[in-house]
Amino acid sequence: MDTICKLLNIEYPILQGGMAWVATHSIAAAVSEAGGLGIIAAGHAPSEWVREEIRACKKLTNKPFGVNVMLLSPYVDQVMEVIIEEGVKVVTTGAGNPGKYMEALKAADIKVIPVVPSVALAKRMEKSGADAVIAEGCESGGHIGELTTMALVPQVVDAVNIPVIAAGGIADGRGMAAAFMLGASGVQIGTRFLVAKECAIPDTYKQRVIKASDIDAVVTGRSTGHPVRSLRNQLTRAFAKLEKEGADEKALDALGVGALRKAAVEGDVNNGSVLAGQIAGMITKEQTTKEIIDDLMTGVKECLGLKIEGIN
Ligand code: TUI
């Protein structure tokens, strides 16, 4: 079985999360340059925007990087075509089953790594030719499944014979070491990269993450079938109130339209959707991407050498 580093031709087993509106070429290139796998998030963007981002990333790094495809986007078909045309090396997917694109991506020699929220989907993805899976627990920011990272990762590891990357609630060397103990071959990190210097979101968004406490990353949208984790603000309160009153899906969706863009592009952290994971409470400062990756690697090595009382 290939290890993640060999499979993806990277130095460290760290993938950057595919955060819609947030993960543009500047953070993706910085993560790849620092030895991880940077990822451009296609989100809901049209395919020509994705093409420009891929080209901009290639100008900043010769190292491999990936594109995350959000499968609920209306532009998925064209985005997949652009990814193939531009010679992207790795595709991660979110919010759905990428089965129908697998053949075309594999034919283009692209490594495909779907995000899976369950054992059943992990098995299906392995059967359809995925090179690895990302087992993402509900500690994550953004669109989430039901299970926690602690429960999901070892069950997926036991169920498939391809590498498993752990995601959700991981932001330092301790979390990374824990993921390896659960059988993961690598980690995907989103929230900590929100505050990277090379992450091009407005400062208001970064400051909101830095200010967040342990209980600030709340879930809205369970009633619509699209639960999303974001930092508590006017928008999450309005959403929760409507959900409690039993508002229909249309009314709730209307509140969410453009909310992500409002926070990540316009910097409106009161009325926008400030996606972040539960680990946001641990994030205290802006750092360069290289500092973040070096800190993760120093921390994980230290943890893996720990002696534990009563055990060794
Ligand atoms: O996708 C994410 N996180 C996201 S996507 C996003 S943008 C968005 N826009 C509108 C509505 C909802 C989200 C913001 N954050 N993470 C990966 C992820 N994938 N989490 C959960 C899943 C998932 C869920 C169901 C993957 C597959 C799946 O399969 C269902 C099926 O079709 O079998």
Side-chain angles (χ1 to χ4, degrees), residues 15-23 39-45 50 66-76 79 91-102 112-128 130 132-149 151-153 156 160 164-170 187-191 193-194 201 205 217-231 235-236 239 249-250 252-265 272-278 280:
L15 281 69
Q16 167 236 313
M19 302 167 282
W21 290 113
V22 168
I39 292 183
I40 295 165
H44 280 99
V50 179
V67 174
N68 173 264
V69 181
M70 214 284 286
L71 294 164
L72 294 170
S73 159
Y75 304 110
V76 178
V79 166
V91 164
T92 64
T93 64
N97 180 343
K100 71 182 249 214
Y101 302 102
M102 205 63 97
V112 185
I113 313 184
V115 168
V116 295
S118 67
V119 165
L121 193 62
K123 283 182 166 169
R124 230 180 299 152
M125 292 298 95
E126 179 181 37
K127 246 191 218 145
S128 52
V133 288
I134 299 166
E136 188 181 285
C138 61
E139 296 93 324
S140 295
H143 182 52
I144 52 169
E146 288 288 333
L147 295 176
T148 59
T149 303
L152 177 65
V153 172
V156 171
V160 297
V164 176
I165 294 156
I170 303 169
V187 294
Q188 177 188 270
I189 291 179
T191 301
F193 287 124
L194 285 171
I201 54 173
Y205 199 128
V218 297
V219 181
T220 52
R222 286 203 200 277
S223 66
T224 68
H226 290 138
V228 168
R229 187 180 297 286
S230 65
L231 296 181
L235 178 72
T236 63
F239 207 104
E249 210 170 304
K250 264 202 186 133
L252 290 164
D253 278 349
L255 203 59
V257 170
L260 241 170
R261 188 180 185 287
K262 204 179 273 180
V265 180
S273 193
V274 187
L275 301 189
Q278 287 185 330

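For ligands, and for the atoms within them, numbers begin at 1 and follow the listed sequence. Counting begins at 1 with the first residue of the sequence.
Across every non-hydrogen atom of Lys262 and Gly272, the tightest pair is CB-CA, 4.0 Å. Summarising the geometry of Gln16 relative to Ala23, their closest heavy-atom pair is NE2-CB, 3.2 Å, with the distance given to 0.1 Å.
Close approach of ligand 1 to Glu136 is summarised as follows: ligand atoms under 4.0 Å from at least one heavy atom of the residue are 16 (N), 17 (C), 18 (C), 20 (N). Close approach of ligand 1 to Leu275 (heavy-atom distance below 4.0 Å) involves ligand atoms 14 (C). When each atom of ligand 1 is checked for a heavy atom of Gly94 under 4.0 Å away, the hits are 1 (O), 17 (C), 19 (N).
At least one heavy atom of Gly96 sits closer than 4.0 Å to an atom of ligand 1.
The single protein non-hydrogen atom nearest to atom 19 (N) of ligand 1 is Ala95 N, 3.0 Å, given as residue, atom name and distance. Protein heavy atom nearest atom 18 (C) of ligand 1, with residue, atom name and distance: Val115 CG1, 3.4 Å. Nearest protein heavy-atom neighbour of atom 8 (C) of ligand 1: Met70 CE, 3.9 Å.
Residue Leu194 forms a side chain to side chain contact (heavy atoms under 4.5 Å, CB included) with just one option from Ile189, Ile201, Leu275, and that option is Ile201. Under the side chain to side chain contact (heavy atoms under 4.5 Å, CB included) test applied with Thr236, the options Val274, Val228, Leu231, Thr220 reduce to a single match, Thr220.
Under the 4.5 Å side-chain criterion, counting only non-hydrogen atoms from C-beta, Tyr101 is in contact with Val76. Side-chain atoms of His226 and Leu72, non-hydrogen and from C-beta on, do get closer than 4.5 Å to each other.
Only the side chain of Pro117 comes within contact range of ligand 1, with a heavy atom under 4.0 Å; no backbone atom does.
Closest heavy-atom approach to atom 29 (O) of ligand 1 within the set Leu72, Leu121, Thr92, Ile144: this belongs to Leu121. Ranked by closest heavy atom to atom 10 (C) of ligand 1, the top entry among His143, His44, His226 is His44.
Taken to the nearest 0.5 Å, the CG atom of Asn97 stands 3.5 Å off from the CE atom of Met125.
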